[in-house]
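Presented below is the structure to which this report refers.
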Amino acid sequence: MDDIVIEDLTKSYASGWPGRPPFVALDGLYLTVGRGEIFGFLGPNGAGKTTTLKILLGLVRATGGRALLLGQPAGDVETRRRIGFLPESPYFYDYLTAEEFLGFYGQLAGLGHVAIAQRVTDLLSLVGLADARDRQLRKFSKGMLQRIGLAQALIHDPELVILDEPMTGLDPVGRKQVRDLILSLRDRGKTIFFSTHILHDVEMICDRVGIVIKGRLLASGRVDELVRQDHTQSVEIVCQHIKAEGNAFIHSLATRVLQQGQQCLIVLPSPDAVDAMVGEIRRQGGGLLSVTPHKASLEDLFFQEAAPEASRVQADSLTGRAF
Amino acid sequence: MGAIGVIALNAFRESLRDKILYNLVLFAGLLIGLSVLLADLTITEHHKMIADMGLAAINLIGVIIAIFIGISLVNKEIERRTIYTIMARPISRTFFILGKYCGLVLTLFVNLSIMLAVFLVTLWLYHVPIALSLFQAVQLIFVEILVVTAIALFFSTFSSSTLSAILTLGIYVIGHLTADLRSIAANSESGVMKTMVDVLYYLCPNLEMLNIKGQAAVGILVAPEYLMLASLYGMVYAGVLLSGACLVFQQRDF
């Protein structure tokens, strides 16, 4: 069963000026997130990630399409009892202490005093803020705010956790804590849907990812599937006693040739050309030192998908056609 | 405790931790104290001067707090993006608006009670008779504050803090002048002018109806029926505005 179902979701904002076309934030987005899954929602700035999350939570109304959360239409008030949310760069009531802050959200979620007291203690320990229990949030650092924000999202033990850029503002230790926390939530059967820019974290913990560009989903699936299916691996060959300069055959196959003294680095765009290249090196009397297949990363895929679209958007905005 | 109560108590707590509020209440105390000094400068009517000034100070500070906290109640939540985590909870937008309103009303009630206590102590110290009419005046000041808070909250659901402040202040001033404007317009030959003033008269609250400070200061009581009717009028007006605020807030994107 899918906890999040998004079908043909659109959102456009009026330009405010007559005659100007509306700004399209989401342009027919399709997406599903299964129960117990960690789903990473990737995309450059302005791609529509936060708008999608806001529609799911009822903060913004969709112009068209359909979004279901836990089987109910997005924005349904009662369903929010089962959802936890952390917004991007969260701002909270800074006059509250950490304990009061979590208590307030616990009350809003309908928890009783005893349950709140227990959950507050547990969560403050979990996010490493037990010592800051009685400290006002205005005295918190950015990383501490991010962590207390995570705690408020989890105060009512939700089934589905939606996080908007949860790694923002955290140092490497904090990021690892959040990663571990997300993994532990998945182990307890929770579904986690989070947007991020930090590809490394996505690659490490996500079961599936979706790449959204300009309001459309460009790719979606398991990280290993996406990387294997959609991106050709490159191969690096290091050899010696060969002069690659002026060798038309080598240059016709390689995407990059780097000569350093006796050694030469040749980068091939795919493994298909390895045999031909190795044969040529031997023919020229060279010695093979290494052949390294370059494993494609999610970052490669992201740039492959995002870069052409992003540069087109940038060109459009410069010529005044977009937005 | 229901969601409205949780939001209201939090709004109340926010006000209590805001130093500006204490300054305003302190300022009200100073104004009430000043009334004693001014009364010394007058030849007669010392008692009336102290009562007049005291009621005016309570009214002024109450309205200032209502406007300047009222306009930021919703706006601040949106500008600071604290609204995101609140609206992600099982709480309807209507309950949020009502909770915020109740929180500010509670704050104003506590402030008004403090100012009234300072006022009564001042009257007692200077042997000014404490007439029942003074309590009637304070009751209607409170009703006026309920209306002003609702106006500020209504505007803050769809406009910026500055614009909300200007609009609320404008309605407040017009609300005290509608009856006068209507009588002036009655003598005008322009039909357009009469219609415009009529529209203003029926659209804006008649806040003069809630102003009995002048007669209260000299101990003249108003009929209980009037007190009840005026209070009911103010509360219905505030209720209509709150409904409008809820409707507008329902349609908003954050």
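The structure presented is a predicted model; accordingly, all values stated were derived computationally and were not measured. Because only heavy atoms are used, hydrogens play no part in the values below, and waters and symmetry mates are left out as well, while side chains stay in.
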So which part of [X] gets closer than 4.5 Å to some heavy atom of chain A, the side chain, the backbone, both or neither?
{"X": "Gln250(B)", "result": "both"}
{"X": "Arg93(B)", "result": "side chain"}
{"X": "Arg81(B)", "result": "both"}

Interchain contact, [X] with chain B, by part (heavy-atom threshold 4.5 Å):
{"X": "Tyr13(A)", "value": "side chain"}
{"X": "Leu53(A)", "value": "neither"}
{"X": "Gln136(A)", "value": "side chain"}
{"X": "Leu96(A)", "value": "both"}

* Exceeds 12 heavy-atom contacts within 6.0 angstrom, atom OH of Tyr233(B) -> yes
* Structure fact -> side chain to side chain contact (heavy atoms under 4.5 Å, CB included) with Phe193(A): of Leu163(A), Leu56(A), Val161(A), Ile83(A), only one passes, and it is Leu56(A)
* chain B: which of Asp76(A), Val77(A), Leu57(A) shares the most heavy-atom pairs with it under 4.5 Å? -> Val77(A)
* Which of Arg82(A), Glu78(A), Glu100(A), Arg80(A) touches chain B most, by non-hydrogen pairs under 4.5 Å -> Arg80(A)
* To do: Using distance alone, with no hydrogens and no angle criterion, decide if Glu77(B) and Thr82(B) have a side-chain donor and acceptor under 3.5 Å apart.
  =>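 Yes.
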* Using only heavy-atom distances, determine whether the side chains of Ser164(B) and Ser159(B) contain a donor-acceptor pair under 3.5 Å. =>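 Yes, Ser159(B) and Ser164(B) have a side-chain donor paired with an acceptor closer than 3.5 Å.
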* Asked: Would a 4.5 Å heavy-atom cut-off, applied to side chains only, mark Lys54(A) and Phe254(B) as touching?
  -> no
* Checking side-chain contact (heavy atoms from CB on, under 4.5 Å) for the pair Tyr201(B)/Leu181(B): CA distance, chi angles, key distance, verdict? -> CA-CA 8 Å; Tyr201(B) 181 78; Leu181(B) 283 174; over 6 Å; no
* Asked: Which heavy-atom pair separates Thr191(A) from Gly36(A) by the least distance, and what is that distance?
  ->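 Looking at all heavy atoms of both residues, the closest pair is OG1-N, 2.9 Å.
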